[in-house]
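These notes are about the structure you will find just below.
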Amino acid sequence: MPLVHGTELFQAARKGHYAIGAFNTNNLEWTRAILKGAQELNVPVLIQTSMGAAKYMGGYELCKQLIEATVKSMAITVPVVIHLDHGNYEAAKEAIAAGYNSVMFDGHDLPFEENVAKTKEIVALAHAKGISVEAEVGSIGGEEDGVVGEGELASVEEAKTLAATGIDFLAAGIGNIHGQYPANWKGLHFDRLQEIADAVELPLVLHGGSGIPQDQVEKAIHMGISKLNINTECQLAFAKATREYIEAGKDKQGKGYDPRKLLAPGTQAITDTFEEICGWMGTKPVKLVPEEI
């Protein structure tokens, strides 16, 4: 079964100046749609659950087993990383115990010294089981599972300190936000990204990827972003396709109300979104990835 922790994949992505998509799942349809897109493009993928999604889906063990079983049932052959997105200290430990391949411990809202100390603890627990760790420095703007970030720029010195804890990926605030971007958003701060990229050799993570102009994302990838988080864009695509299905009255035609038919257009829209984004991220097909490791 092609479940991997992903560290080498993202290291190769940084070296090769491309990114690998980190797509949030919310249920079975989301999971199948993401895996279908990855298999069709023959690219590695990171499927992640937020704390809220994991609670909605029934817990970390169920999420891990659902993704694992779906990979098997769909005969997926590309590398798949099962990741916890924006987990607090307890959630990170739970996901590690459940067998996730990778976890994010998000301690940005803690005093920096506490963030560093707890990150070290999570690294020790995770690495003992061959699990990758992502940490965050500087707040990502917007709201994620009730945690609201103002979107301040990450400190270069703090980025270096957090990287030295032994983490595998680093998320740094560079003006990005979660959710839909407001009309007055000023864009990514490339000067700060360059400073961090020069100081930290780890693969860098761009959260809030949905809604950032493509040219800005492509520039950020060239500068060191190796993992691009996508959630809102898939949610919007799913909602739009589902709305169009119902507004066209297709749910009233024959057995169009059957959830397998009702959810099909939205599910396909997620796959289409996945493939479009992976196309311009430059994600390399699996057969080329080992050449970069």
Side-chain angles (χ1 to χ4, degrees), residues 1-6 9-10 19-41 43-76 78-87 91-92 94-96 98-104 106 131-132 134 144-145 169 171 178-179 205-210 227-242 259-260 262-278 281 283:
M1 190 170 292
L3 297 176
V4 298
H5 57 69
L9 292 173
F10 289 100
I20 296 172
F23 289 79
N24 287 64
T25 186
N26 295 281
N27 56 28
L28 175 62
E29 282 73 26
W30 242 258
T31 302
R32 290 183 60 84
I34 294 166
L35 290 173
K36 178 184 177 184
Q39 188 69 22
E40 288 180 350
L41 293 182
V43 295
V45 63
L46 184 147
I47 297 182
Q48 56 191 15
T49 60
S50 65
M51 293 189 296
K55 181 179 180 180
Y56 169 76
M57 293 170 67
Y60 298 108
E61 287 190 11
L62 190 151
C63 290
K64 186 258 186 181
Q65 292 168 6
L66 169 65
I67 297 170
E68 190 174 39
T70 305
V71 165
K72 182 178 181 180
S73 70
M74 293 180 68
I76 300 299
V78 298
V80 178
V81 183
I82 303 175
H83 180 76
L84 170 66
D85 186 28
H86 286 286
E94 289 181 35
I96 290 169
Y100 275 45
N101 307 118
S102 180
V103 298
M104 177 186 185
D106 182 359
I131 298 169
S132 301
E134 174 184 343
E144 180 85 8
D145 279 349
F169 328 121
H178 291 117
V205 182
L206 182 62
H207 285 253
S210 300
K227 174 175 176 280
L228 178 66
N229 282 32
I230 300 292
N231 185 26
T232 303
E233 202 153 335
C234 288
Q235 291 178 333
L236 293 171
F238 181 88
K240 179 176 183 292
T242 304
R260 290 170 292 181
L262 178 64
L263 299 177
T267 303
Q268 183 60 47
I270 294 172
T271 299
D272 293 343
T273 301
F274 176 96
E275 294 184 351
E276 177 186 354
I277 293 173
C278 284
M281 275 197 297
T283 309

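Here the closest non-hydrogen pair linking T271 and A33 is OG1-O, 2.9 Å. Taking every heavy atom of both residues into account, C63 and M57 meet most closely at SG-CB, 3.7 Å. A92 and V103 make their closest contact through O-CG1, 4.1 Å (heavy atoms, listed as atom of the first residue, atom of the second, distance). Counting all heavy atoms, side chain and backbone alike, V81 lies closest to L9 at CG2-CD1, 4.4 Å. When every heavy atom of M51 is checked against every heavy atom of H86, the shortest pair comes out as CE-O, 3.6 Å. Residues A269 and A237 approach most closely at CB-O, 3.6 Å, considering heavy atoms.
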Between Q48 and N24, is the side-chain contact (heavy atoms from CB on, under 4.5 Å) condition met? List the steps. CA-CA 5 Å; Q48 56 191 15; N24 287 64; 2.8 Å; yes
Let's go through M104 and L84 carefully: what are the C-alpha distance in whole Å and the side-chain angles of both, what is the deciding distance for side-chain contact (heavy atoms from CB on, under 4.5 Å) to 0.1 Å, and is it a yes or a no? CA-CA 6 Å; M104 177 186 185; L84 170 66; 5.6 Å; no
Between T283 and L41, is a side-chain contact (heavy atoms from CB on, under 4.5 Å) present by the stated rule, with each step listed? CA-CA 9 Å; T283 309; L41 293 182; over 6 Å; no
For the pair N231 and N229, evaluate side-chain contact (heavy atoms from CB on, under 4.5 Å) and give the outcome as yes or no after the intermediate values. CA-CA 7 Å; N231 185 26; N229 282 32; over 6 Å; no
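The distance from the CE atom of M74 to the CD atom of Q39 is 7.5 Å, given to the nearest 0.5 Å. Note that the NZ atom of K36 and the CZ atom of F274 stand 12.5 Å from one another [nearest 0.5 Å]. Within the model, atoms CD1 of I277 and CD1 of I230 stand 4.0 Å from one another, a figure rounded to the nearest 0.5 Å. Annotation: the span from E29 atom CD to L263 atom CG amounts to 5.0 Å, rounded to 0.5 Å. The distance from atom CG of L66 to atom OG1 of T31, rounded to the nearest 0.5 Å, is 4.5 Å. Rounded to the nearest 0.5 angstrom, T267 OG1 and L28 CG are separated by 8.5 Å.
With a 4.5 Å cut-off on side-chain heavy atoms, V43 and V45 do not count as touching. For the pair I47/H83, no side-chain contact is recorded, criterion being any heavy-atom separation below 4.5 Å from C-beta on. Counting heavy atoms from C-beta outward, L206 and K227 have side chains that stay 4.5 Å or more apart. Using a 4.5 Å cut-off on side-chain heavy atoms (C-beta onward), L228 and M281 make contact. L35 has its side chain within reach of V71: a pair of non-hydrogen atoms, C-beta onward, lies under 4.5 Å apart.
A side-chain donor from one of Y100 and T49 sits under 3.5 Å from a side-chain acceptor of the other.
Between K64 and E68 there is a salt bridge, since a side-chain N of the basic residue sits under 4.0 Å from a carboxylate O of the acidic one.
Aromatic pair F23/W30: ring centres not closer than 6.0 Å.
Between the N101 side chain and the I82 main chain, a donor and an acceptor come within less than 3.5 Å of each other. Remark: side-chain polar atoms of S132 are not paired, donor with acceptor, to backbone N or O of S102 under 3.5 angstrom. Put simply, the side chain of S50 never gets that close to the backbone of D85: no donor and acceptor are under 3.5 Å apart. Remark: the backbone N or O of T70 is paired with a side-chain donor or acceptor of S73 at under 3.5 angstrom.
For E275, the CD atom counts as densely surrounded, since its 6.0 Å shell holds more than 12 non-hydrogen atoms of other residues, nucleotides or ligands.
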